[in-house]
Visitor: 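Got a structure for you, questions after.
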Amino acid sequence: MIAIKRHKSLFINLIVLIAINVLASKLYFRLDLTEEKKYSLNDATKETLNSIDDIVYVKVYLNGNLPAGFVRLRNSCQETLDEFRYHNTLIEYQFIDPNEADSPEDRKKIYKELSENGLEPTNLQVQANNSNSEQIIFPGAIIYYKGRSQSLNLLQNQIGTNPENVLNNSVESIEYELTNAIHKLITNYKPKIAFLDGHNELDELETADINHSLGLVKGSLSEYFSIDRIDIKEYELDQNNSPSLGNQIKRLLQYKALIIAKPTKAFTEVDKFLIDQYIMNGGKTMWFLDGVAMDMDSLKGNAPFSMAVPLDLNLTDLLFKYGVRVNYDLVMDFQADQIPIIVGYQGNVPQQQLLPWFYHPIIIPKNKQSIVKNLDGIKSAFVSTLDTVKAINIKKTPLLFSSPYSKIVRAPHRVSLSILEKEPQIEQFNAGEKPIAYLLEGEFQSAFQNRIAPNNESLKPKLTSPSNKMIVFGDGDIIKNHVSSSGNAFPLGYNQFSKSQFNGNKQIIVNALNYLMDNENLINIRAKEVNLRLLNKSEIKNNRLKWQLINTLSPLAIISLIIVIFGVVRKRQYR
């Protein structure tokens with residue numbers, strides 16, 4: 001009888017165990033107990049995943065013999081993809097080691113294919129058997145969907161950031177990078193945006209890289225938007241054969257956003273009225289404005305100096321009404337890009353050296369706003385500061401600052417290469433961090449409120465906008481790629497002299513426009529933070545054996561204690 005009861009109990013336990021396993025396989029759930037909710041997906045991610053209707057196949061080239069930091073990046077990527085697959089079973093992935101090819105020729109062929117697909121290689125120094133060797137890895141992925149593909153680099157490039165923080169920032173960005181790439185693949189509709197013409201703005205060649213990605217660094221506006229150009233001075237005619245402002249406003253409003261890129265000619269009152277009414281009707285604007293007229297071409301040849309003078313674009317009253325002002329000054333910054341300077345001669349051969357040119361600051365974003373978080377350095381030239389002014393119902397968020405070692409000079413100002421002949425005095429660069437880009441959000445008031453509108457028809461101006469956004473930069477060169485004298489365009493943010501590439505220029509423009517275009521939820525994924533909990537290196541160095549013993553023996557001791565307690569309990573039960 002006792003045997004039957006024991007077998008019955010065993011049978012019931014087996015049934016319960018099988019039932020629990022079946023339920024567990026059907027009812028998967030996960031509790032995210034981390035402080036920063038690192039394993040919880042953003043709503044925008046879930047929305048993107050729910051839109052997938054075919055297999056999304058992800059090849060991640062992050063496998064093999066990797067250092068600990070990259071193993072963490074790899075594991076985080078796999079955990080994120082697992083979470084993606086939980087929300088949509090059409091997500092499939094594979095981790096690949098590009099170094100596992102048998103022959104060096106095959107490896108080179110794989111490297112070439114990955115580079116051509118836009119994945120950036122990283123050289124690692126690997127220690128083995130008391131010797132150092134070099135290993136190339138491609139910390140990136142290629143995503144395939146319905147015959148299309150999208151490459152993304154998982155390792156963030158961030159100048160001035162130590163490797164541990166770069167890896168941590170890369171872990172933070174995995175969800176955004178994967179979601180953003182999938183979003184681009186599954187989205188068929190591209191909203192229309194336009195570059196504004198009519199005031200000697202940058203032309204198509206000078207904005208070629210941000211439009212269509214010239215180099216290996218991906219991330220152009222054409223991946224998200226349909227891009228056009230519109231000349232504000234080209235009018236449709238009304239029934240009286242006169243320029244129609246109403247039709248011109250409608251023409252502008254076919255575009256979701258206008259980019260005003262480095263104009264150098266003043267705006268007329270009619271131009272401002274059209275842009276104002278575009279904004280009052282919900283149009284988004286991104287302004288790249290110079291406060292001072294100055295460029296490097298004016299220093300070429302034998303010119304000993306050039307005068308940087310205020311650039312009056314006749315936009316002060318318009319921007320003032322919206323809450324910001326571009327100042328007539330220049331930022332000189334110790335954290336600057338380099339230009340070649342002749343420092344001497346050998347015989348008749350000039351000797352050049354790259355020296356920091358303080359008028360070309362390298363902007364490194366530091367705040368946590370989702371548009372600029374974890375961005376690479378941004379290359380700028382002859383930047384002006386911005387001030388905010390009182391504007392009702394407008395929230396003003398500074399996006400970019402100069403470095404703490406900056407100096408502000410008012411225009412007119414004499415700019416001369418001769419300043420590089422002397423040792424710079426850092427005590428003069430004490431102006432601190434100065435804002436050079438602002439995000440403005442809210443209900444804007446028309447600049448033509450209580451003013452006579454310059455229209456030639458009975459057009460009643462709209463005086464208040466719906467909830468709207470705009471971004472103002474104090475430098476037109478942030479969006480300008482260099483064009484050689486032979487007409488070849490260089491990648492945006494590229495220094496052709498030092499061969500250095502600053503990826504932040506493209507990143508901030510794409511992020512900013514996505515934010516303006518109400519892809520805010522997608523951009524907000526970037527705000528996710530994963531705290532870096534590093535081991536105490538000093539403690540490890542001084543008490544390495546102690547912590548090794550604790551970590552090795554503690555689990556064994558706990559298990560042994562449980563076994564002893566369990567044995568004592570059983571012994572008492574059957575005594």
Side-chain angles (χ1 to χ4, degrees), residues 20-64 66 68-97 119 137-146 148-156 165-187 368 370 373-374 511 514 519-533:
I20 290 173
N21 274 281
V22 171
L23 286 173
S25 65
K26 301 290 184 186
L27 301 174
Y28 171 83
F29 69 96
R30 189 173 183 174
L31 294 176
D32 187 356
L33 302 178
T34 57
E35 182 183 0
E36 61 269 35
K37 297 298 176 188
K38 61 190 286 188
Y39 299 113
S40 300
L41 297 182
N42 187 283
D43 288 341
T45 301
K46 294 175 185 174
E47 186 180 332
T48 300
L49 294 173
N50 291 336
S51 303
I52 295 172
D53 59 1
D54 201 350
I55 297 290
V56 171
Y57 193 76
V58 186
K59 286 185 178 179
V60 186
Y61 294 90
L62 200 55
N63 210 0
L66 301 170
F70 283 91
V71 170
R72 180 166 167 255
L73 182 64
R74 180 205 178 285
N75 292 342
S76 296
C77 185
Q78 185 170 359
E79 289 164 358
T80 306
L81 287 169
D82 283 338
E83 202 65 29
F84 279 19
R85 193 156 59 179
Y86 164 63
H87 285 278
N88 192 323
T89 55
L90 293 173
I91 300 287
E92 296 181 4
Y93 67 82
Q94 177 188 12
F95 279 80
I96 299 170
D97 178 8
L119 298 191
I137 65 170
F138 286 83
I142 302 177
I143 303 177
Y144 300 88
Y145 179 74
K146 292 185 177 179
R148 292 180 290 164
S149 65
Q150 182 71 41
S151 304
L152 69 151
N153 289 293
L154 297 172
L155 184 66
Q156 306 289 308
N165 282 327
V166 166
L167 277 167
N168 192 62
N169 294 340
S170 301
V171 169
E172 288 180 346
S173 302
I174 282 178
E175 183 184 341
Y176 169 74
E177 296 295 342
L178 289 169
T179 305
N180 186 38
I182 295 172
H183 180 79
K184 283 190 278 188
L185 283 171
I186 67 175
T187 304
K368 299 295 184 183
S370 56
K373 186 185 176 192
N374 296 340
N511 288 351
N514 268 317
N519 283 333
E520 191 175 340
N521 290 336
L522 181 65
I523 292 296
N524 281 340
I525 304 175
R526 291 173 48 81
K528 189 172 187 175
E529 288 191 32
V530 179
N531 294 327
L532 190 61
R533 297 179 173 89

Visitor: Compare all side-chain heavy atoms of N374 with those of V166 and state whether any distance is below 4.5 angstrom.
Guide: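 When only atoms from C-beta onward are counted, V166 and N374 do not touch, as no gap falls below 4.5 Å.
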Visitor: For a quick test of reading the model, state the closest non-hydrogen atom pair linking L49 to N88 and the distance between them.
Guide: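 Minimum heavy-atom separation between L49 and N88: O-ND2, 2.7 Å.
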Visitor: Using every non-hydrogen atom in the two residues, find where R148 and K184 come nearest and quote the distance to one decimal.
Guide: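 Taking every non-hydrogen atom into account, NH1-O, 4.3 Å.
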Visitor: If I compare all heavy atoms of I174 with all of S76, which pair ends up nearest, and what's the gap?
Guide: CD1-CB, 3.8 Å
Visitor: To the closest 0.5 Å, what do you measure between OH (Y86) and CG (D82)?
Guide: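 These two atoms lie 13.0 Å from each other.
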Visitor: Got a second to check how far L81's CG is from Q94's CD, nearest 0.5 Å?
Guide: 12.0 Å
Visitor: Are the side chains of I96 and N63 in contact, using a 4.5 Å heavy-atom criterion?
Guide: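 Answer no - side chains too far apart.
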Visitor: Check K146 with D53, please: is the shortest side-chain N to carboxylate O separation under 4.0 Å?
Guide: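 Salt bridge between D53 and K146, a charged N being under 4.0 Å from a carboxylate O: yes.
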Visitor: Taking the side chain as everything from C-beta on, heavy atoms only, tell me whether I91 gets closer than 4.5 Å to V56.
Guide: yes
Visitor: Between L119 and S151, which heavy-atom pair has the shortest distance, and what is it?
Guide: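 Minimum heavy-atom separation between L119 and S151: CD2-CB, 4.0 Å.
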Visitor: For the atom pair CD1 (I137) and OH (Y61), what is the distance rounded to the nearest 0.5 Å?
Guide: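 One finds 14.5 Å between CD1 of I137 and OH of Y61.
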Visitor: Would you mind reporting whether Y145 and Q150 have side-chain heavy atoms less than 4.5 Å apart?
Guide: no
Visitor: Would you name the heavy atoms of H87 and N50 that are closest together and state the gap between them?
Guide: O-OD1, 4.2 Å
Visitor: Atom CG of L41 and atom CG of L178: how far apart are they, to the nearest 0.5 Å?
Guide: 10.5 Å
Visitor: Determine the minimum heavy-atom distance between L152 and A181, stating which atoms define it.
Guide: CD2-CB, 4.1 Å
Visitor: Looking at CD1 of I55 and CD of E92, how far apart are the two atoms once the value is rounded to the nearest 0.5 Å?
Guide: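 Result: 4.0 Å between the selected atoms.
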Visitor: Answer yes or no: does atom CD of E47 have more than 12 heavy-atom neighbours from other residues, nucleotides or ligands under 6.0 Å?
Guide: no
Visitor: Can you tell me how far the OG atom of S173 sits from the NZ atom of K373, to the nearest 0.5 Å?
Guide: 7.0 Å
Visitor: Do E175 side-chain atoms and N42 backbone N/O form a donor-acceptor pair below 3.5 Å?
Guide: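 Yes.
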Visitor: For a 4.5 angstrom cut-off between non-hydrogen side-chain atoms, does F84 reach V58?
Guide: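 Sidechains of V58 and F84: no contact.
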Visitor: Less than 4.5 Å apart, side chain to side chain, heavy atoms only: is that true for N511 and Y176?
Guide: yes
